[in-house]
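The next block holds one structure in the form of structure tokens; read it before the comments.
Everything numeric here is computed off the predicted structure, so don't read it as measured data.
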Amino acid sequence: DLHSGIDSTINIVWNDLKYKVELIKHYGDIPAIECLPSQLNQVFMNILVNAGHAIEKRGQITIATRADADFVYVEIADTGKGIAPEHLARVFEPFFTTKAVGQGTGLGLSISYGIVRKHGGDIDVRSEVGAGTMFIVKLPVRQQHIDSGAAA
């Protein structure tokens with residue numbers, strides 16, 4: 001139940017966000033998916049914390065979910081400062097950060113990318129400087145199970 005996972009993750013990070021963020025949720029009708037919930041919650045936490053850091057004074061974070069026949073989509077958008085075009089292609093690289101020295105490790109989005117890929121999904125980012133950023137997490141409803149060929 002991704003909605004439950006997202007809500008529990010919001011509860012964890014809310015103290016860091018509540019003074020400057022208006023949180024908007026547009027939860028669609030999505031099925032439960034086969035996943036490792038704690039790992040996906042880490043993905044959502046990394047994106048939410050980064051969104052909070054991108055908002056300097058006051059802003060919004062919008063979380064929207066939807067599904068098609070095979071995939072569930074979680075979109076997390078902020079009205080923060082955005083990511084410069086020259087940095088956008090590098091945001092999932094290990095140790096890459098746009099934060100000041102000592103402010104970030106550059107591992108959160110790299111780890112998130114790995115978790116989503118391990119789930120058979122994909123993660124994409126769109127951003128406009130001065131307008132904000134959106135991460136789109138695409139996850140399969142069912143995991144591909146590999147037949148080991150072992151006799152039963």
Check: Taking only residues two or more places apart in sequence or in another chain, which ones pass side-chain hydrogen bond (donor to acceptor under 3.5 Å, both in side chains) with N11?
Finding: none
Determine yes or no for a side-chain-to-main-chain donor-acceptor pair under 3.5 angstrom, with [X] supplying the side chain and [Y] the backbone.
{"X": "E34", "Y": "Q143", "answer": "yes"}
{"X": "R58", "Y": "Y19", "answer": "yes"}
{"X": "S8", "Y": "G5", "answer": "yes"}

Item checked: Salt bridge present between E56 and K20 (N-O < 4.0 angstrom) -> no
Next item on the list: Using a strict 4.0 Å threshold on nitrogen-to-oxygen distance, state whether D7 and K25 make a salt bridge.
Entry: yes
Shortest non-hydrogen separation from [X] to [Y] and the atoms involved:
{"X": "A67", "Y": "P31", "result": "CB-CD, 3.8 Å"}
{"X": "A84", "Y": "V129", "result": "CA-CG2, 3.5 Å"}
{"X": "I30", "Y": "H3", "result": "CD1-NE2, 3.5 Å"}
{"X": "S112", "Y": "N46", "result": "OG-ND2, 3.0 Å"}

Notebook entry, point to check: Is there side-chain contact between I24 and E22, with heavy atoms separated by less than 4.5 Å?
Noted result: yes
Notebook entry, point to check: Between the side chains of H26 and T65, is a donor N or O closer than 3.5 angstrom to an acceptor N or O?
Noted result: no
Next item on the list: To the nearest 0.5 angstrom, please state how far the CG atom of N41 sits from the CD atom of Q39.
Entry: 10.0 Å
Next item on the list: Quick one: pull up CZ in F135 and CG in D78 and give me the separation to the nearest 0.5 Å.
Entry: 8.0 Å
Notebook entry, point to check: Between F71 and K138, is there a cation-pi geometry (under 6.0 Å to ring centre, at most 45° from the normal)?
Noted result: yes
With sequence neighbours excluded, tell me which residues meet side-chain contact (heavy atoms from CB on, under 4.5 Å) with [X].
{"X": "V21", "value": "L17, I55, I61"}
{"X": "A69", "value": "none"}
{"X": "S127", "value": "I83, L88, T133"}
{"X": "N15", "value": "K18"}

Check: With sequence neighbours excluded, what pairs up with Y113 under the ring pair (Phe, Tyr, Trp, His ring centres under 6.0 Å) test?
Finding: F92
Next item on the list: Determine, stepwise, if the pair Y27 / I6 fulfils side chain to side chain contact (heavy atoms under 4.5 Å, CB included).
Entry: CA-CA 10 Å; Y27 286 175; I6 294 167; 3.2 Å; yes
Notebook entry, point to check: Picking from I33, V137, L139, what satisfies side chain to side chain contact (heavy atoms under 4.5 Å, CB included) with H119?
Noted result: L139
Item checked: L48, I63, L40 screened by side chain to side chain contact (heavy atoms under 4.5 Å, CB included) with T9, the one that passes -> L48
Margin query: I47 vs I123, test: side chain to side chain contact (heavy atoms under 4.5 Å, CB included). Steps then yes/no.
Written below: CA-CA 11 Å; I47 295 171; I123 184 169; 4.0 Å; yes
Cluster question for you: counting only ILVMFWY and a side-chain heavy-atom cut-off of under 4.5 Å, with indirect links fine, are [X] and [Y] together?
{"X": "I136", "Y": "I76", "result": "no"}
{"X": "L2", "Y": "Y73", "result": "no"}
{"X": "V141", "Y": "L36", "result": "no"}

Checklist line | side chain to side chain contact (heavy atoms under 4.5 Å, CB included) between M134 and V125, worked out | finding: CA-CA 6 Å; M134 175 190 291; V125 60; over 6 Å; no
